[in-house]
Visitor: 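Got a structure for you, questions after.
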2 protein chains.
Amino acid sequence: MSDTPPSLDPVQLGAYFDLIEVTSLLRHAVEQQLREAGELSYVQFQLLARLGDSPTGSHRMTDLADGVVYSRSGLTYQAGLLEKAGLVVRAPSPDDERSTTVTITDAGRTRLAEVLPGHIEVVSGLLFEPLSRDDVEVLAGLLAPVRDHMRSTPPRSAAPRRRSGR
Amino acid sequence: MSDTPPSLDPVQLGAYFDLIEVTSLLRHAVEQQLREAGELSYVQFQLLARLGDSPTGSHRMTDLADGVVYSRSGLTYQAGLLEKAGLVVRAPSPDDERSTTVTITDAGRTRLAEVLPGHIEVVSGLLFEPLSRDDVEVLAGLLAPVRDHMRSTPPRSAAPRRRSGR
DNA sequence: TATTGTTATACTCTATAACTATA
DNA sequence: TATAGTTATAGAGTATAACAATA
C-alpha cells in the first residue's frame with residue numbers, strides 16, 4: 001500500500017472487460033463442445049492435450065499442476081477421473097519415488113483426436129473469424145509478454161505454507 | 001465430415017493458448033483479491049459493478065442474466081446471496097409484474113468501493129504492466145470486434161457446417 | 001526437514017426441470 | 001402460449017488440511 005495509483009483509464013477498462021467477456025464466452029462454448037463431443041471438461045482436455053504434446057506422452061503431476069492453474073488435490077481429482085476413464089495411467093517415477101508420472105494412453109490419444117476437430121472449429125469460428133491474419137499476429141504479440149509477466153510474477157500451484165516471501 | 005479443414009496455424013494456436021492462460025491466471029488472482037478484500041465471488045462483483053454503473057442502480061434480472069453468462073437459476077442464486085448480504089434488494093418491476101428489478105444498496109456501493117482499488121491494482125499490475133498505452137489501444141481494438149461477433153452468434157450448439165473461403 | 005502426492009471433507013457454483021405468476 | 005423468475009435438486013469442481021512416503 002504505497003504509491004500505486006489505482007486507476008484504469010477508459011481504454012484499459014474496456015480492454016479488460018472485453019477480455020473477460022470474450023474468454024468467458026469462448027470458454028463456455030468450448031466446454032460445451034468438449035462435453036458433447038467427448039465427455040471432457042476443459043481442465044481434462046488441457047491435461048490430455050499437454051500430455052499428448054509431450055514427446056514421451058508423460059508428465060509429472062507437479063509439472064501438470066504448474067501448467068494448469070489449479071491445486072494439487074484438484075489435479076489428483078482430475079487425474080483420477082482420467083485414469084478411471086482409461087485415458088491416462090499413473091505410475092511412480094523411476095528416478096524419484098515420490099513423484100508420479102502420468103502418461104496418456106492410446107485411448108486418451110483417440111479421445112483427443114475425436115474432440116480436437118470440433119474444438120478447433122469452435123475456436124476458429126468464435127475467436128478468429130473476425131480477425132485477419134495480421135490481427136492474430138498482433139494479438140499473439142501482445143499476449144505473449146503478458147503471459148510471461150504473469151508467469152514470472154508469483155509461483156502458483158505450490159501454495160506457500162506459512163511465510164511466503166511476500 | 002468431409003470438407004471442413006479443422007486447423008489452426010501456429011500463430012493462431014499460440015494466441016488461443018496465451019489468451020486462455022492469461023485470463024485464467026488473471027481471473028484466479030482477481031478472485032482471490034475479491035474474496036479477501038470483500039467476500040465477493042467474481043460473478044457477484046460483476047453483478048454489483050453492473051448495477052453500480054447503471055444510472056438508476058437497477059437492472060432487471062433478465063438483463064443481468066444476459067450480461068453475465070450464466071443461467072437464470074444461477075443468477076437467482078447469486079442475487080439471493082447478494083440480497084442476503086444486504087448488498088442489493090429485489091422488488092417486482094412497476095411496469096411488468098413478471099419482472100424483478102434488482103437494485104444496489106448503499107452497503108453494496110460501499111462494498112464495491114472497498115473492493116475496487118485492490119481489484120484495479122491486481123489488473124493493472126498483472127495485465128497492463130507489460131503493455132504500453134498503444135498496446136492497450138491495439139488490444140482493445142482487436143477484442144471489441146471479437147466480442148461483438150461472439151455476442152451476435154446466437155446458437156452454437158451444433159451448427160458447424162459453414163466453410164467460407166480462407 | 002522439505003517435497004510429492006493422496007485423501008477426506010466441506011463448500012461453492014452451475015444446470016436442468018418443474019413450478020408459479022403475469023402478459 | 002410465451003415470458004420472468006424461483007425452487008428443488010443433483011452433480012461437478014475446487015480448496016484446505018491432515019496424512020504418508022520418499023529425498
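Keep in mind it's a predicted model, so treat the numbers as computed, not measured. Throughout, a chain's letter reflects where its sequence line sits, starting with A, and its residues are numbered from 1.
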Visitor: Are A:Arg35 and A:Glu31 ion-paired here, with the side-chain N under 4.0 Å from a carboxylate O?
Guide: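 Salt bridge: no.
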Visitor: Would you mind telling me which of D:dA15, C:dA15, D:dA4 lies closest to the side-chain atoms of B:Ser73?
Guide: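 In terms of side-chain proximity for B:Ser73, the closest of D:dA15, C:dA15, D:dA4 is C:dA15.
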Visitor: Using side-chain heavy atoms (C-beta onward) and a distance below 4.5 Å, is B:Asp18 in contact with A:Val146?
Guide: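 SC-SC contact between B:Asp18 and A:Val146 ruled out.
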Visitor: With a 4.0 Å limit, can you tell me whether A:Arg90 has a side-chain N or O closer than that to the phosphate oxygens OP1/OP2 of C:dT6?
Guide: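 The answer is yes; a side-chain N or O of A:Arg90 sits under 4.0 Å from OP1 or OP2.
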Visitor: B:Gln33 side chain to B:Ile120 main-chain N or O, any donor-acceptor pair under 3.5 Å?
Guide: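 No, the answer is negative, given that no donor and acceptor are paired below the 3.5 Å cut-off.
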Visitor: Quick one: is A:Gln32 getting a side-chain N or O under 4.0 Å of the C:dA15 phosphate, OP1 or OP2?
Guide: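 The answer is no; no side-chain N or O of A:Gln32 sits under 4.0 Å from OP1 or OP2.
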Visitor: When all nucleic acid strands are considered with a 4.0 Å heavy-atom cut-off, which category describes B:Ser71: base, sugar-phosphate, or nothing?
Guide: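 Contact class for B:Ser71: base.
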Visitor: Would you say A:Gln44 places a side-chain N or O within less than 4.0 Å of OP1 or OP2 belonging to D:dA12?
Guide: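 So the side chain of A:Gln44 is outside the cut-off, no N or O lying under 4.0 Å from OP1 or OP2 of D:dA12.
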Visitor: Is the closest basic N to carboxylate O distance between A:Arg60 and A:Asp96 below 4.0 Å?
Guide: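 No salt bridge links A:Arg60 with A:Asp96.
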Visitor: Counting side-chain heavy atoms from C-beta on, which of D:dG5, C:dT22, C:dT14 comes nearest to B:Thr62?
Guide: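 Ranking D:dG5, C:dT22, C:dT14 by closest atom to the B:Thr62 side chain puts D:dG5 first.
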Visitor: Which nucleotide sits closest to the side chain of A:Glu97: C:dG5, D:dA23, D:dT14?
Guide: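 In terms of side-chain proximity for A:Glu97, the closest of C:dG5, D:dA23, D:dT14 is D:dA23.
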Visitor: Would you mind classifying the nucleic acid contact of A:Leu64 as base, sugar-phosphate or nothing, using non-hydrogen atoms under 4.0 angstrom?
Guide: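 Counting heavy atoms under 4.0 Å across all strands, no contact is made by A:Leu64.
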Visitor: Side-chain N or O of B:Arg35 versus OP1/OP2 of C:dC13: is the shortest distance under 4.0 Å?
Guide: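 Checking B:Arg35 against C:dC13: at least one side-chain N or O falls below 4.0 Å of OP1 or OP2.
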Visitor: Nearest whole angstrom, please: distance from the C1' of D:dG5 to the CG of B:Leu82.
Guide: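 Whole-Å distance recorded here is 16 Å.
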Visitor: Heavy atoms from C-beta onward define the side chain here; which of D:dA15, D:dT6, D:dT22 lies closest to that of B:His28?
Guide: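 For the B:His28 side chain, the nearest candidate turns out to be D:dA15.
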Visitor: CZ of B:Arg60 versus C1' of D:dT6: gap in Å, rounded?
Guide: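 Spelled out: CZ on B:Arg60 to C1' on D:dT6 is 16 Å.
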Visitor: Checking side-chain contact (heavy atoms from CB on, under 4.5 Å) against B:Val22, which of A:Arg151, A:Met150, A:His149 comes through?
Guide: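 It is A:Met150; the other options fail the test.
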Visitor: Give one of base, sugar-phosphate or nothing for A:Ser93, where a contact means two heavy atoms less than 4.0 Å apart.
Guide: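 Nothing, no heavy atom under 4.0 Å.
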Visitor: Just the rounded figure in Å: distance from C1' of D:dT7 to CG of B:Leu75.
Guide: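 Rounded to whole Å, this separation is 14 Å.
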Visitor: To the nearest angstrom, how far is A:Glu31 atom CD from D:dG11 atom C1'?
Guide: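 These atoms are roughly 15 Å apart.
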Visitor: Among C:dG5, D:dG5, C:dA2, which nucleotide sits nearest the side chain of B:Ser99?
Guide: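 Of all the options, the side chain of B:Ser99 is nearest to D:dG5.
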Visitor: Are any side-chain N or O atoms of A:Arg72 and backbone N or O atoms of A:Ala65, one a donor and one an acceptor, separated by less than 3.5 Å?
Guide: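 Looks like no, no N/O pair under 3.5 Å.
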Visitor: Where the side chain of A:Arg98 is defined as all heavy atoms beyond and including C-beta, which of D:dA23, D:dA2, C:dC13 is the nearest nucleotide?
Guide: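 For A:Arg98, the side-chain atoms sit closest to D:dA23.
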Visitor: When we call it a touch if two heavy atoms are under 4.0 Å apart, what does A:Thr76 touch: a base, just sugar-phosphate, or nothing?
Guide: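 Base, at least one base heavy atom under 4.0 Å.
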Visitor: If only side-chain N and O atoms of B:Arg72 are considered, is one of them under 4.0 Å from the OP1 or OP2 phosphate oxygen of D:dA4?
Guide: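 Checking D:dA4 against B:Arg72, a side-chain N or O does come within under 4.0 Å of OP1 or OP2.
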Visitor: Please report the distance, rounded to the nearest Å, between OH in A:Tyr77 and C1' in C:dA10.
Guide: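 The distance from OH of A:Tyr77 to C1' of C:dA10 comes to 14 Å, rounded to the nearest Å.
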Visitor: Counting heavy atoms from C-beta on, name the nucleotide in C:dT14, C:dA23, D:dT14 closest to the side chain of B:Asp96.
Guide: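 For B:Asp96, the side-chain atoms sit closest to C:dA23.
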